[in-house]
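Heavy-atom basis, side chains included; hydrogens, waters and symmetry copies ignored. Each chain gets a letter, A, B and so on, in the order the sequences are listed, and its residues count up from 1.
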Number of protein chains: 2
Amino acid sequence: MNFNNLSGIVPLDLASEILSLLEKQTFSKNHLLHKQGTICNHIYLVQKGIARTFFYKEGKDITVHIASEGELITAIDSVISLKKSRYNVELLEDSEILTISYKALQSLMEKHPEHEKYMRLILEQLYAEGADRIEEFLFYSAKERYDNLIKKRPHLINRVNLGHIASYLGITQETLSRIRKHP
Amino acid sequence: MNFNNLSGIVPLDLASEILSLLEKQTFSKNHLLHKQGTICNHIYLVQKGIARTFFYKEGKDITVHIASEGELITAIDSVISLKKSRYNVELLEDSEILTISYKALQSLMEKHPEHEKYMRLILEQLYAEGADRIEEFLFYSAKERYDNLIKKRPHLINRVNLGHIASYLGITQETLSRIRKHP
DNA sequence: TATACTTTTTGACAATTGTCAAAAAATGAA
DNA sequence: TTCATTTTTTGACAATTGTCAAAAAGTATA
């Protein structure tokens with residue numbers, strides 16, 4: 001789901017209200033937008049650059065989510081539940097990030113319930129995207145998942161380390177390297 | 001997410017309005033609530049019994065979602081997008097199902113925007129559940145996924161065919177049978 | 001109970017993916 | 001450019017999971 005053009009989703013007058021809550025910041029590569037073990041209060045919109053959510057399993061670093069221009073990223077295991085997060089959110093390039101406090105978004109919806117509808121529409125899309133990703137694991141082999149990723153998000157291939165892409169697809173870097181060799 | 005007790009989520013006065021939209025029906029085992037190739041207009045709440053969403057990949061039947069008492073099920077690839085669905089929704093037992101038209105739900109929200117908030121809260125939960133399921137594939141082996149399922153939803157084990165559980169976990173029935181033998 | 005049908009298990013083997021170590025290639029900074 | 005560092009590839013081998021066919025176990029119904 002691409003949020004670069006909110007006007008496709010949210011009416012203009014409401015969009016400007018949301019935009020007033022956004023804080024634009026520039027960070028350099030490797031900066032952590034969010035650190036594991038803390039509660040995550042924010043949602044990040046990548047305006048320029050690229051970010052990933054990852055965490056450690058048995059010492060290994062596993063990428064859960066990747067967001068590039070126009071996409072959202074946050075520690076999803078914390079921002080709704082308000083539990084401490086197991087995730088880190090890291091920038092893979094120097095990036096421009098719009099930050100929104102989830103609390104501020106909730107207050108906005110309290111005050112102006114007409115925003116609720118657009119939050120729902122966004123969540124519907126995100127939910128459907130999640131369902132698609134689950135399907136990938138159910139129906140496709142490692143090679144097919146990689147091919148599908150290239151088709152859907154070709155810009156990631158040259159901007160994200162192979163190891164991150166591999167763990168995002170649920171395989172090892174070595175396997176992905178071999179998959180790539182035999183097209 | 002369990003919807004048997006809506007009162008935990010939705011205030012009572014609104015819950016009753018939603019309940020008035022629900023149509024209760026009894027179906028027997030193997031009935032298809034939804035057939036692939038058609039647009040899905042409904043969301044189903046399983047009150048008694050058990051249902052699964054599945055579809056065919058290369059002749060093989062793959063289970064995408066399983067819902068038992070208090071859980072929702074629908075053809076998620078269709079009900080939001082209004083595209084023709086690839087999914088079937090099938091009952092695995094004689095069941096009591098509450099059916100709600102998604103259009104009716106949308107009209108209700110148009111008329112009474114105070115419902116939007118609860119739809120959003122529900123979607124937030126569903127989204128977080130989807131994220132959990134994706135994690136399962138990223139971090140856990142077949143055996144671990146099965147152990148996690150037993151822990152989270154033990155009641156499914158004796159009510160759903162091994163083959164359905166296996167494809168839901170992304171493995172073959174033979175592999176699951178062997179996993180079960182070596183605890 | 002006997003029979004037909006469905007579901008689960010097992011065996012033999014193949015294919016896929018993982019692990020560990022090291023080499024090669026690419027990248028970045030001095 | 002050179003050197004150090006990071007990333008990607010490769011090799012040898014192991015572990016996991018899949019495939020196909022058949023047997024065994026379980027279930028439903030006459």
Side-chain angles (χ1 to χ4, degrees), chain A residues 28-32 49-50 52 54 56-63 66 90-95 134 136-150 154-183, chain B residues 28-32 49-50 52 54 56-63 66 90-95 134 136-150 154-183:
Chain A
S28 53
K29 184 172 170 172
N30 296 326
H31 175 78
L32 289 181
I50 198 158
R52 71 177 182 124
F54 73 99
Y56 295 99
K57 195 210 171 186
E58 292 157 17
K60 273 173 294 183
D61 152 339
I62 296 181
T63 297
I66 302 174
E90 179 192 57
L91 297 180
L92 303 180
E93 299 175 353
D94 297 348
S95 302
I134 291 167
E136 291 278 315
F137 287 104
L138 293 179
F139 310 137
Y140 299 110
S141 67
K143 167 148 190 41
E144 290 171 314
R145 296 205 295 279
Y146 179 68
D147 291 342
N148 290 343
L149 183 68
I150 288 187
H155 55 290
L156 297 187
I157 305 304
N158 296 314
R159 295 172 68 188
V160 181
N161 282 352
L162 205 62
H164 298 155
I165 291 179
S167 66
Y168 179 77
L169 294 173
I171 57 179
T172 62
Q173 165 162 331
E174 293 92 330
T175 295
L176 180 52
S177 175
R178 288 176 176 119
I179 281 172
R180 264 197 331 184
K181 266 203 79 178
H182 305 288
Chain B
S28 54
K29 183 171 169 172
N30 297 326
H31 175 79
L32 289 182
I50 198 158
R52 71 175 182 126
F54 73 99
Y56 295 100
K57 192 207 173 190
E58 292 156 18
K60 274 174 293 186
D61 154 337
I62 296 182
T63 296
I66 302 174
E90 179 192 57
L91 297 179
L92 303 180
E93 299 175 352
D94 296 348
S95 303
I134 291 168
E136 291 277 316
F137 287 104
L138 292 180
F139 310 138
Y140 300 110
S141 68
K143 165 146 189 41
E144 291 171 314
R145 296 205 294 279
Y146 179 67
D147 292 342
N148 291 343
L149 183 69
I150 287 185
H155 54 287
L156 297 187
I157 305 303
N158 296 315
R159 294 171 70 188
V160 181
N161 282 353
L162 205 62
H164 298 155
I165 291 178
S167 67
Y168 179 75
L169 294 172
I171 57 181
T172 61
Q173 164 161 333
E174 292 93 331
T175 294
L176 181 52
S177 175
R178 288 174 177 122
I179 281 173
R180 263 197 333 183
K181 265 203 81 177
H182 305 289

Q: Just the table, please: protein N/O against nucleotides 23-25 of chain C N/O, every pair under 3.5 Å.
A:
none

Q: B/Leu162 CG to C/dT10 C1': how many Å, rounded?
A: 13 Å
Q: Can you check the B/Arg180 CZ to C/dT10 C1' distance for me, whole Å?
A: 14 Å
Q: Rounded to the nearest 0.5 Å, how far apart are CD of A/Glu93 and NE2 of A/His31?
A: 15.0 Å
Q: Rounded to the nearest Å, what distance is computed from the CG atom of residue A/Asn30 to the P atom of nucleotide D/dT5?
A: 16 Å
Q: What is the bend of the helix from C/dT1-D/dA30 to C/dA30-D/dT1 when you compare the axis at one end with the axis at the other, using five pairs each and rounding to 10°?
A: 50°
Q: Under the rule for side chain to side chain contact (heavy atoms under 4.5 Å, CB included), what residues qualify as partners of A/Ser177, not counting sequence neighbours?
A: A/Leu162
Q: Which residue is it: B/Ile171, B/Leu169, B/Ile62? I am looking for the one with a side chain to side chain contact (heavy atoms under 4.5 Å, CB included) to A/Leu138.
A: B/Ile62
Q: Across nucleotides 23-30 of chain D, 5' to 3', mark each nucleotide with B, S or - according to how protein heavy atoms within less than 4.0 Å reach it.
A: --------
Q: For the atom pair CG (B/Leu176) and NZ (B/Lys143), what is the distance rounded to the nearest 0.5 Å?
A: 10.0 Å
Q: For the residue pair A/Ile50 and A/Leu156, establish whether any side-chain heavy-atom pair is separated by less than 4.5 Å.
A: yes
Q: What pairs with B/Asp61 under side chain to side chain donor-acceptor pair (under 3.5 Å), at least two apart in sequence or on another chain?
A: B/Arg52
Q: Could you give the CG-to-C1' distance, from A/Asn161 to C/dA26, as a whole number of Å?
A: 11 Å
Q: Can you check whether A/Thr63's main-chain N or O pairs, donor with acceptor, with A/Ser167's side chain at less than 3.5 Å?
A: yes
Q: Rounding to an integer number of Å, can you tell me how far A/His182 NE2 sits from D/dT8 P?
A: 17 Å
Q: Can you tell me if NZ on A/Lys29 sees more than 12 non-hydrogen neighbours from other groups inside 6.0 Å?
A: no
Q: Take the protein atom CD of A/Gln173 and the nucleotide atom C1' of D/dT6, then report the distance between them rounded to whole Å.
A: 11 Å
Q: If every non-hydrogen atom of A/Tyr168 is compared with every non-hydrogen atom of A/Phe137, which pair is closest and at what distance?
A: O-CZ, 4.1 Å
Q: Are B/Glu90 and B/Phe54 close enough that some pair of their side-chain heavy atoms sits under 4.5 Å apart?
A: yes
Q: So do the side chains of B/Leu149 and B/Arg145 get within less than 4.5 Å of each other, counting heavy atoms only?
A: no
Q: What's the spacing between A/Glu144 CD and A/Ser141 OG if we round to 0.5 Å?
A: 3.5 Å
Q: Base, backbone or nothing for each nucleotide of nucleotides 11-19 of chain D, written B, S, -, heavy atoms under 4.0 angstrom, 5' to 3'?
A: BB----SBB
Q: Taking all heavy atoms of A/Ser95 and all of A/Gly49, pick out the closest pair and write down the distance.
A: OG-CA, 3.4 Å
